[in-house]
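Notes to accompany the following structure.
A note on names: the letters A, B, ... follow the listed sequences, proteins ahead of strands, and every chain is numbered from 1. Here the structure is a predicted model, which is why all the values come from computation and not from measurement.
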Amino acid sequence: MTLPLLEARRISKSFAGVRALKGVSLSVYPGEVLAVIGENGAGKSTLMKILAGVQTPDSGALLLDGEPRTIGSVQEALSLGIALIHQELNLAETLDVGANIFLGREPHRYGWVDARRVSREAQVVLERVGLHIDPSTLVGDLTIGQQQLVEIAKALSVNARVLIMDEPTSSLSDHETKVLLKLIRELRTKGVGIVYISHRLGEVRGLADRVEVLRDGENAGRLAGTEISHGSMVQLMVGRELSQYYPHQPHHPGEVVLDVKSLRTRAHPGQSVDFQLRAGEIVGMAGLVGAGRSELLEAIFGVVPALHGTVSVCGKTVVPGSPRGAMDSGIALVPEDRKHQGLFLEMGVRENLSIASLHQEQSAGFLNKQSEKALCEEMIPAMRIKTAGVEQPVQFLSGGNQQKVVIGKWLATRPRVFLLDEPTRGVDIGAKQEIYRLMEELAAKGVAVLFVSSDLEEILGMSDRVLVLHDGRLRGELLRSELSEEAVMRLATGANREEATAH
Amino acid sequence: MKKNLGILGLLIAVCIATALLSSSFLSAYNVENVLRRSALFGILSIGVGFVIITGGIDLSLGSVVCLVGCGLPWLLTVQHWPLPLSLVAVAAVSLGIGLCHGLLITKLRIQPFIVTLCGLLLYRGIARGFTADQTVGFGNEFKPLRLLATGKIPFLPGFDLPAPLLIVAVVAILAAIFLNRTIFGRYLLALGRNPQAATYSGIPTQRMTILAYVLSSGLAGLGGVLFVLDVNSAQPVDFGNFYELYAIAAAVLGGCSLRGGEGSVVGILIGAALMQVLRNMITLVTTRNNVEFAIIGAVILLGVVADELTRRIAARRRAAQVLQNAAA
């Protein structure tokens with residue numbers, strides 16, 4: 001049997017007395033994709049940071065080609081051929097793509113950066129990741145998905161032997177994801193060892209040769225080849241069998257609650273969108289990144305005023321162009337970017353939960369501390385928010401609990417239309433299920449729920465019907481009976497409805 | 001409240017040091033004087049505090065003090081306007097200035113620093129223009145009005161409280177109620193923490209920002225009136241010079257973060273008092289007033305550095321505790 005390219009043996013690591021890793025081992029062989037999965041907090045990211053030299057282990061050994069090594073810094077890891085692509089983007093937005101790819105190791109002549117070589121070599125790696133852009137484009141002008149691909153191009157340009165990817169597809173469109181997955185397969189055939197972290201189990205199932213499951217900082221189990229299935233992975237991750245991953249029940253939609261008529265957004269001024277939501281249904285909105293899904297939600301909610309068109313709730317036209325107007329009509333929006341748009345990170349759970357419903361109190365502008373307290377006492381147990389207390393700043397909560405705070409803040413406004421933009425992004429499986437459960441409960445109470453997701457499984461699993469956007473236009477609507485990954489993808493990539501459901 | 005203890009300790013330490021170094025520090029005359037100045041600067045500092053809490057800055061308030069401080073006696077003694085009309089005029093001007101700042105910042109999205117820097121130049125220039133650089137004052141008139149700033153409230157035998165203390169107390173109580181007990185105060189703090197999330201939460205962010213600048217200029221106007229009533233003469237070239245910096249320094253010392261979202265009225269008042277005690281110490285203890293800025297600069301820097309360091313230690317402790325809770 002061949003030697004592993006990189007092996008970690010019984011790695012332990014503690015932070016401030018808390019053990020994040022308790023003797024974890026894994027090895028990656030040349031020419032394979034090893035998926036590392038686990039809930040948030042299982043220790044995946046810490047382990048990856050240790051492999052890539054960002055952090056050093058407290059105990060345990062790292063072996064490269066069977067030789068014990070200490071990897072003390074990122075530079076050292078890079079020189080050994082180990083590259084890590086972070087979950088969060090680490091690009092300088094004000095520099096161009098080429099400069100970012102060669103940041104810190106610019107090819108130079110006589111002390112000057114060799115701009116021509118930067119451009120030429122950048123072009124080559126950009127082609128490999130399927131990005132057809134000029135290396136002199138500013139990174140800040142790219143979409144998040146494109147930036148992620150630049151990050152990957154950067155890792156490729158160092159000719160890594162071990163490539164560690166931490167949730168590389170979380171911000172990619174389906175098309176970009178496909179390009180990336182193809183690239184990973186290509187790298188695999190060239191003998192690169194790939195460590196792939198993802199929450200998207202469908203992706204893992206299609207890609208991984210082996211799966212390493214972590215739970216609570218320990219190895220929870222290994223799967224290889226045909227053992228890799230959705231059920232087996234989930235079971236190892238949560239330590240128990242989940243009877244049903246998506247708690248979806250078919251609903252019986254009632255009256256039309258939300259009516260969107262010929263709405264035009266700034267992102268796609270040439271296209272107008274019409275659709276309706278009924279009481280008690282969950283509607284999924286699918287589409288590629290850039291299809292205008294978030295922009296549509298933001299226009300309905302009034303964060304970014306629509307150019308044209310009307311939104312009405314229960315027959316009453318919503319005051320356009322202001323979130324407060326939308327809120328007064330009973331619309332709530334859980335935004336895409338939790339940390340920047342959803343939360344006041346330094347403020348406590350209490351203040352975050354109450355901020356959107358303060359003005360609904362009949363208290364002449366004064367804070368009603370009693371009802372604020374009552375709100376916390378209602379929401380925290382109902383949403384199972386894990387927090388050390390109501391005053392705990394939300395920055396110290398896990399991603400899943402942060403998202404529950406955002407959802408709770410909107411539940412407090414007692415909305416009739418609940419819009420959610422990527423509600424489970426960066427959230428672990430346990431919290432995901434609770435978010436699904438909440439969506440179900442809302443629908444059962446007669447709220448019209450519309451959620452945008454780039455996770456097709458989630459769209460298929462949670463929707464009564466699916467609206468598919470393509471280039472700012474509503475390409476079609478699929479009922480639950482017509483739903484399939486293929487049908488959604490065909491609409492999302494621009495096919496019409498007949499073509500999409502023909503197969 | 002805990003946050004204010006550090007700055008309160010510093011204030012007490014500076015007071016004790018000054019009292020030990022100079023016997024005249026604790027004289028009734030001096031204490032009354034320091035209290036009066038602290039009260040006047042406290043009004044300005046509370047105003048700029050609102051703006052700082054939203055994450056903005058107001059550099060113009062020294063010039064607003066000058067414009068109003070010169071404008072009121074000029075209207076009364078040169079233009080011979082009736083008193084009520086003059087007071088309404090200066091109030092309208094100062095509130096109007098804040099409104100303009102707020103509109104430029106929210107509607108045209110010009111940076112607060114630029115808008116209020118231009119204000120700083122503009123309003124002093126205007127004051128110097130209409131007074132032709134001539135000192136203006138009330139002379140022997142308007143004695144009852146001047147009592148607002150110069151009046152004394154008997155307190156202890158041989159020691160009276162200056163009237164502005166009463167005014168700042170009212171302003172401070174209203175400001176504290178506004179900031180801590182109304183939803184608008186919560187909105188201001190939230191807006192300072194994260195303007196984008198504030199918008200997504202349905203907070204009327206533009207109106208709140210405008211309100212903060214109106215409060216800042218309005219209180220600067222009130223301060224300007226009281227300052228000129230106190231000293232009875234205003235020289236437009238230097239009246240209110242650097243007051244914006246004293247006020248900003250007081251707010252920052254008092255716990256307002258220039259990043260926005262943080263600040264308490266009590267802290268701001270203590271900060272304002274500290275600034276005045278420092279200035280007083282320099283006058284009493286040294287024979288050289290020309291090092292005043294150096295000493296004030298050094299003390300503010302030390303205060304802010306100490307604050308940052310304690311905050312980091314607290315954050316580290318907190319993070320460790322959170323991890324421990326998470327593990328338990």
Side-chain angles (χ1 to χ4, degrees), chain A residues 14-20 41 216-217 298 301-304 322-328 331-347 351-352 354-359 361 363-369 372 386-389 392-393 395-398 406 409-410 413, chain B residues 1-3 53-55 106-107 174 176-208 211 255-263 311-328:
Chain A
S14 300
F15 295 102
V18 177
R19 298 182 72 187
D216 299 330
E298 287 175 351
F301 191 62
V303 184
V304 181
S322 102
R324 183 59 72 79
M327 285 158 69
D328 289 343
I331 304 177
L333 169 67
V334 174
E336 183 180 15
D337 188 338
R338 183 165 64 230
K339 287 188 176 157
H340 294 111
Q341 300 167 339
L343 293 169
F344 303 92
L345 288 172
E346 302 91 346
M347 295 172 84
E351 290 168 303
N352 272 285
S354 66
I355 192 78
S357 49
L358 287 175
H359 68 285
E361 291 285 334
S363 55
F366 284 89
L367 289 173
N368 185 339
K369 304 241 168 178
E372 228 184 338
K386 286 187 200 116
T387 170
Q392 176 88 327
Q395 60 185 331
F396 297 119
L397 304 187
S398 71
V406 180
K409 134 183 163 181
W410 288 111
T413 67
Chain B
M1 206 59 236
K2 208 166 146 195
K3 256 197 209 157
I53 282 170
T54 68
T106 54
K107 303 293 177 191
L174 291 178
I177 289 174
F178 178 79
L179 199 57
N180 302 316
R181 299 266 179 247
T182 70
I183 64 174
F184 308 107
R186 178 71 62 77
Y187 285 172
L188 273 186
L189 289 162
L191 170 63
R193 289 286 189 194
N194 185 347
Q196 204 184 357
T199 305
Y200 276 84
S201 303
I203 294 174
T205 50
Q206 299 203 338
R207 253 178 276 165
M208 294 313 298
L211 177 65
C256 292
S257 161
L258 287 181
R259 267 168 252 136
E262 270 178 278
R311 200 175 301 193
R312 278 190 198 187
I313 293 166
R316 213 171 298 159
R317 233 180 254 162
R318 185 163 215 171
Q321 200 187 346
V322 167
L323 274 175
Q324 231 137 28
N325 290 344

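- Here the CD-CD1 distance, from A:Glu361 to B:Ile183, works out to 9.0 Å after rounding to the nearest 0.5 Å.
- Residues B:Pro204 and A:Arg324 share a closest heavy-atom pair of CD-NH2, 3.6 Å.
- The heavy-atom pair separating B:Tyr200 from A:Pro335 by the smallest distance is CD2-CB, 3.7 Å.
- Within the model, atoms CZ of B:Arg193 and CD of A:Glu346 stand 4.5 Å from one another, a figure rounded to the nearest 0.5 Å.
- Residue A:Phe366 qualifies as open at atom CZ: its count of foreign heavy atoms under 6.0 Å is 12 or below.
- What you find for A:Phe344 and B:Ala190 is that their closest heavy atoms are CE2-O, 3.2 Å.
- Residue contact with chain B, scored on non-hydrogen atoms closer than 4.5 Å, involves the side chain of A:Ser354 exclusively.
- Here the side chains of B:Asn194 and A:Leu345 are not in contact, with every heavy-atom distance at 4.5 Å or above.
- By number of non-hydrogen pairs under 4.5 angstrom with chain B, the leading residue of A:Lys409, A:Glu351, A:His340 is A:His340.
- Looking at A:Glu372 and B:Arg186, a side-chain N of the basic residue comes within less than 4.0 Å of a carboxylate O on the acidic one, giving a salt bridge.
- Separation of atoms CG (B:Asn180) and NZ (A:Lys369) is listed at 6.5 Å; rounding is to 0.5 Å.
- With a 4.5 Å cut-off on side-chain heavy atoms, B:Tyr187 and A:Leu358 count as touching.
- Closest approach of A:Pro323 to B:Thr199, counting heavy atoms only: CG-O, 3.4 Å.
- Proximity to chain B (any heavy atom under 4.5 Å) is shown, for A:Ile355, by both the backbone and the side chain.
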